[in-house]
Amino acid sequence: TQTVNDANFGAKTVPCCHIVATDGNTYQSLSSGVVRSACDLMSSFGMPETWDEPLQVVCKETDTNQGYRYKYLALA
């Protein structure tokens with residue numbers, strides 16, 4: 001989780017996804033779709049420390065019926 005400040009609502013704690021690539025680069029997302037898909041991957045494959053090899057994932061986007069963009073992680 002991460003605490004963010006919103007000008008209209010003040011500080012609130014939201015889920016956050018941190019990814020560390022094999023080259024050492026780090027990525028962070030507050031997107032609920034990315035967080036949810038990361039949880040789904042861990043439900044399917046277990047926690048990262050149990051993996052023999054890193055998972056190859058990509059971030060994808062799709063449009064929703066309401067006209068919003070939905071971001072999520074998918075296996076490469």
Side-chain angles (χ1 to χ4, degrees):
T1 60
Q2 183 168 336
T3 302
V4 295
N5 283 315
D6 182 295
N8 297 320
F9 301 105
K12 66 181 193 176
T13 301
V14 295
C16 183
C17 179
H18 296 269
I19 297 173
V20 179
T22 54
D23 63 5
N25 285 323
T26 59
Y27 303 90
Q28 173 183 321
S29 179
L30 298 176
S31 164
S32 61
V34 170
V35 171
R36 187 176 307 115
S37 59
C39 290
D40 290 344
L41 287 170
M42 286 186 280
S43 290
S44 296
F45 296 97
M47 296 301 288
E49 60 269 12
T50 66
W51 303 339
D52 293 331
E53 296 288 327
L55 293 180
Q56 299 289 321
V57 296
V58 293
C59 186
K60 294 191 173 186
E61 280 186 285
T62 188
D63 292 320
T64 67
N65 292 336
Q66 295 81 21
Y68 296 103
R69 301 289 290 167
Y70 179 76
K71 295 179 183 176
Y72 61 97
L73 298 176
L75 290 174

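We find the OG-CZ distance between Ser31 and Arg36 to be 8.5 Å, quoted to the nearest 0.5 Å. Separating the OG atom in Ser29 from the CG atom in Leu73 is a distance of 7.5 Å, to the nearest 0.5 Å. A distance of 13.0 Å separates NZ of Lys60 from OH of Tyr70, quoted to the nearest 0.5 Å. Distance check, rounded to the nearest 0.5 Å: OG1 of Thr64 to CZ of Arg69 gives 9.5 Å.
Within a 6.0 Å radius of CG in Asp52, other residues, nucleotides and ligands contribute 12 heavy atoms or fewer. Around atom CD of Glu53, no more than 12 heavy atoms belonging to other residues, nucleotides or ligands sit under 6.0 Å away.
When hydrophobic clusters are built by joining Ile, Leu, Val, Met, Phe, Trp and Tyr residues whose side-chain heavy atoms come closer than 4.5 Å, directly or via intermediates, Tyr72 is not grouped with Leu41.
Here the side chain of Thr50 pairs no donor or acceptor atom with the backbone of Gly46 at under 3.5 angstrom.
Contact detail for Phe45 and Trp51: the closest heavy-atom pair is O-NE1, 3.1 Å. Shortest non-hydrogen contact noted between Val35 and Pro15 is CG1-CB, 3.8 Å.
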Worksheet item: Stepwise, does the side chain to side chain contact (heavy atoms under 4.5 Å, CB included) test hold for Gln28 with Cys16?
Response: CA-CA 7 Å; Gln28 173 183 321; Cys16 183; 3.4 Å; yes
